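Read through the structure below, which is laid out as structure tokens, and then see the notes.
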Protein chains: 2
Amino acid sequence: MAITIRDVAKAAGVSVATVSRVANGSANDYPVRPETRERVLEAIVRLGYRPNDNARRLLLKRSGLIGIVVPDISNPYYPEVARGVEDVANANGFTVMFCSTDRMPEKAASYLEALLLKRVDGLVIIGGGDEIQLSDSSVATYDTKVVFVGRPSKSFSTVRIDNVGAARDATEHLLALGHSRIGFIAAGTSSTTVTERRRGYIQAIEASGATVDDELIVDGDFSEAVGHAAAQRLLRLPDPPTAIFAANDRMALGAMAAIADLGLSVPQDVALVGFDDVPMSAFLRPALTTVSVAAQELGVRAMEALVKDINAADGRTVRRRIRVATRLIVRESCGATLHSSHGGLASPAVSSH
Amino acid sequence: MAITIRDVAKAAGVSVATVSRVANGSANDYPVRPETRERVLEAIVRLGYRPNDNARRLLLKRSGLIGIVVPDISNPYYPEVARGVEDVANANGFTVMFCSTDRMPEKAASYLEALLLKRVDGLVIIGGGDEIQLSDSSVATYDTKVVFVGRPSKSFSTVRIDNVGAARDATEHLLALGHSRIGFIAAGTSSTTVTERRRGYIQAIEASGATVDDELIVDGDFSEAVGHAAAQRLLRLPDPPTAIFAANDRMALGAMAAIADLGLSVPQDVALVGFDDVPMSAFLRPALTTVSVAAQELGVRAMEALVKDINAADGRTVRRRIRVATRLIVRESCGATLHSSHGGLASPAVSSH
DNA sequence: TTGTAAGCGTTATCAT
DNA sequence: ATGATAACGCTTACAA
């Protein structure tokens with residue numbers, strides 16, 4: 001049986017209230033005679049006492065928990081934004097619970113249910129598509145604050161990037177490099193991230209005066225394997241594209257492999273651009289030109305918003321719409337630096353959003 | 001204010017005990033008249049009642065929480081084993097809390113403290129080195145079951161792979177391919193994972209009759225950037241290695257970039273082998289030869305052990321030592337398939353441990 | 001400055 | 001089959 005506050009009280013010869021007053025971080029400015037405090041502290045360390053979190057939370061009506069829901073933990077992009085959330089959460093005394101839905105509706109529903117049941121103080125929903133169904137009423141019932149990262153919402157606060165603008169820039173970059181047939185590797189229609197990136201791609205193509213060729217838009221699912229298959233399909237077209245824009249870096253890596261497998265080379269035969277700028281991308285050869293999204297900052301901003309909402313005295317929630325800038329990181333895979341020296345680490349950013 | 005069991009009781013015209021008996025999953029075989037049950041159920045959904053987890057846990061003395069501690073969330077290997085833990089945990093009614101220490105002792109300590117405070121029922125410590133300090137006494141006090149994954153322990157259960165054997169095999173593979181000067185990119189001395197892999201490397205070299213050249217062993221830190229720098233240093237040696245064995249795939253990717261940056265090619269000029277077989281590795285070109293570790297299975301086995309310990313009627317903990325097999329996945333980067341056809345996806349495994 | 005005692009929302013024991 | 005009620009371990013008025 002674990003040590004309780006009563007054990008400490010007895011050991012120190014004081015009442016439980018006194019123990020609570022020295023043990024409890026939030027109330028430790030309460031006046032306690034230094035001598036008494038000393039005695040209690042000694043008993044606490046000697047017995048190895050730790051206050052029971054469930055009991056505290058039950059009373060405090062605050063779980064001190066933040067739930068993070070991501071679609072796919074194996075995509076290095078999500079851990080990075082989760083890290084941002086985590087840092088701010090910890091700094092503010094919250095503990096985070098990390099859940100991956102694997103883009104499965106049942107898993108998403110059961111996690112959301114479990115998190116609500118745990119009375120999380122805040123919920124950070126990162127990316128994902130239709131699989132996430134979160135009714136305002138259920139979170140309202142338990143006064144849970146919610147922020148969406150990288151996905152839109154009619155009712156909750158959002159932290160987002162300008163996917164349309166960033167994708168338009170990336171496509172325009174390729175256009176400016178002389179490419180007219182540019183393939184786009186998407187990823188379903190359920191995720192707004194991808195529908196927006198697709199829209200940016202289409203806008204750029206149309207703005208250039210060309211018409212969009214549906215054949216050049218193929219579907220992926222964010223994984224390397226599917227990026228590989230998609231690129232293969234694009235390059236086997238009768239009139240194949242000379243450049244490919246993948247909706248994320250993992251698919252871009254798959255595409256890069258497919259290009260090599262067909263005996264072609266990047267960027268000479270096919271130019272390639274990704275999206276996310278995950279750590280690996282700078283170390284591919286050719287180094288991947290991609291859109292950098294400051295994933296960690298997304299998480300930081302989201303959690304900061306949550307902290308404000310949770311601590312709001314009036315209990316009212318502000319609906320925020322926060323934008324985080326992106327930058328096109330021009331490395332080697334797009335062909336823009338064909339004649340420059342090596343190393344994709346320090347390259348110029350040509351455009352921001 | 002949230003709906004409590006009393007609100008439901010009032011609404012359904014029954015006592016709280018009755019509500020508890022129909023709401024409580026673990027006691028729902030308790031006899032309740034179908035008609036009454038119906039009425040209660042109706043009230044529950046109508047009011048949107050969810051039992052307060054803190055109150056339940058306080059009474060039940062079980063948090064239902066499993067803590068997972070990893071050294072570095074941005075390394076795709078850890079999420080994979082975490083996934084295995086998560087799956088088994090969820091299937092058994094546990095919720096997991098995921099924490100990344102970033103290999104920082106203070107972060108590790110504060111997370112461990114927070115987890116113990118939350119009275120986690122189980123703790124899965126994955127990898128990491130000296131930064132993790134977990135005294136048996138503190139976990140014993142709160143009857144927390146612990147499993148270490150991929151790191152040794154004198155007192156706790158472990159789920160491990162044979163790092164020495166796997167590294168020996170990988171090195172022998174390179175030796176058999178005719179390489180005599182093989183570089184090894186390590187990663188500090190604090191992580192036993194790496195010291196063991198280093199030992200395997202050394203054993204293979206010595207078994208071949210050669211002597212180990214300390215110059216060929218350079219230190220990394222598991223990241224691409226440092227793998228890049230380490231390979232650069234190796235290849236600028238007066239008598240550079242013709243093959244490099246990196247202690248993980250991320251460093252191998254960095255090494256691959258460094259090799260390309262020096263105008264050399266893999267595997268013709270320098271053969272390369274990694275460790276972990278993260279998803280990306282099959283899609284590098286040349287595809288990376290690496291040691292596959294069934295990361296998810298490690299997590300599954302760890303959590304299974306934990307579930308057994310937690311549910312043990314006698315409350316006693318068995319100290320288990322579980323081994324999970326590894327396989328050397330021969331792809332292109334080692335040069336063994338130089339004259340075979342493309343595609344590193346389906347390749348023969350030459351050795352297991 | 002310290003102690004007493006009333007809850008927080010459940011579950012489980014004991015009556016009925 | 002159902003209802004009172006006593007815990008679980010803690011924080012915080014309120015009293016002393």
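Numbered from 1 within each chain, the chains take letters A, B, ... in sequence-line order. Note that the structure is a prediction, hence the values are computed from the model and not measured.
Sorted by first then second residue, the ring pair (Phe, Tyr, Trp, His ring centres under 6.0 Å) pairs that include residues 97-123 of chain B, not counting sequence neighbours, are A:Phe98-B:Phe98.
Summarising the geometry, the separation between CD on B:Glu38 and P on D:dT2 is reported as 13 Å, rounded to the nearest angstrom. In this entry the distance linking OH of B:Tyr30 with P of C:dT10 reads 19 Å, nearest Å. To the nearest angstrom, C1' of D:dG9 lies 15 Å from NZ of B:Lys118. What separates CG of A:Asn52 from P of D:dC8 is a distance of 12 Å, to the nearest Å. Across the protein-nucleic acid pair, B:Arg62 atom CZ and C:dT11 atom P stand 16 Å apart, rounded to whole Å. For the pair B:Leu60 CG and C:dG9 C1', the interatomic distance rounds to 12 Å; values are reported in whole Å. One can place CD1 of B:Ile5 at 8 Å from C1' of C:dT11, the figure rounded to the nearest angstrom. Atom-to-atom, CG of B:Leu117 to P of D:dG9 comes out at 15 Å; the value is rounded to the nearest Å.
Note on B:Ser20: every side-chain N or O is 4.0 Å or more away from OP1 and OP2 of C:dT10. The phosphate of C:dT1 (OP1 or OP2) has no side-chain N or O of A:Arg33 nearer than 4.0 angstrom.
Side-chain N or O atoms of B:Arg151 include none that pairs as donor or acceptor with a backbone N or O of B:Ser191 at under 3.5 Å. Remark: the backbone N or O of A:Thr4 is paired with a side-chain donor or acceptor of A:Asp7 at under 3.5 angstrom.
Here B:Ser155 pairs with B:Asp136 under the side-chain hydrogen bond (donor to acceptor under 3.5 Å, both in side chains) rule; sequence neighbours left out. Every residue meeting the side-chain hydrogen bond (donor to acceptor under 3.5 Å, both in side chains) condition with B:Arg160, not counting sequence neighbours, appears here in chain and number order: B:Glu196. Judged as a salt bridge (Lys or Arg N to Asp or Glu O under 4.0 Å), and not counting sequence neighbours, A:Arg119 has no contacts. Contacts of A:Arg62 classified as salt bridge (Lys or Arg N to Asp or Glu O under 4.0 Å), with partners at least two apart in sequence or in another chain: none. For A:Asp87, the salt bridge (Lys or Arg N to Asp or Glu O under 4.0 Å) partners two or more places apart in sequence, or in a different chain, are B:Lys107. Qualifying side-chain hydrogen bond (donor to acceptor under 3.5 Å, both in side chains) partners for B:Thr18, counting only residues two or more places apart in sequence or in other chains: B:Ser15. Residues satisfying the side chain to side chain contact (heavy atoms under 4.5 Å, CB included) test with B:Pro76, not counting sequence neighbours, are B:Arg250, B:Val278. Taking A:Thr144 as the reference, nothing meets the side-chain hydrogen bond (donor to acceptor under 3.5 Å, both in side chains) condition, with sequence neighbours excluded.
Of the residues in residues 39-51 of chain A, none has a non-hydrogen atom less than 4.0 angstrom from any atom of DNA chain C.
An end-to-end axis angle of 40° holds for the helix from C:dT1-D:dA16 to C:dT16-D:dA1, taken from five base pairs per end and rounded to 10°.
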Atom pairs, N/O to N/O, protein against nucleotides 4-8 of chain C, distance under 3.5 Å?
residue, atom, partner, partner atom, Å
C:dC8, O3', A:Lys61, NZ, 3.0

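Taking for each of B:Val14 and B:Arg119 the nucleotide of DNA chain D with the nearest heavy atom, the 5'-most of the two is the partner of B:Val14.
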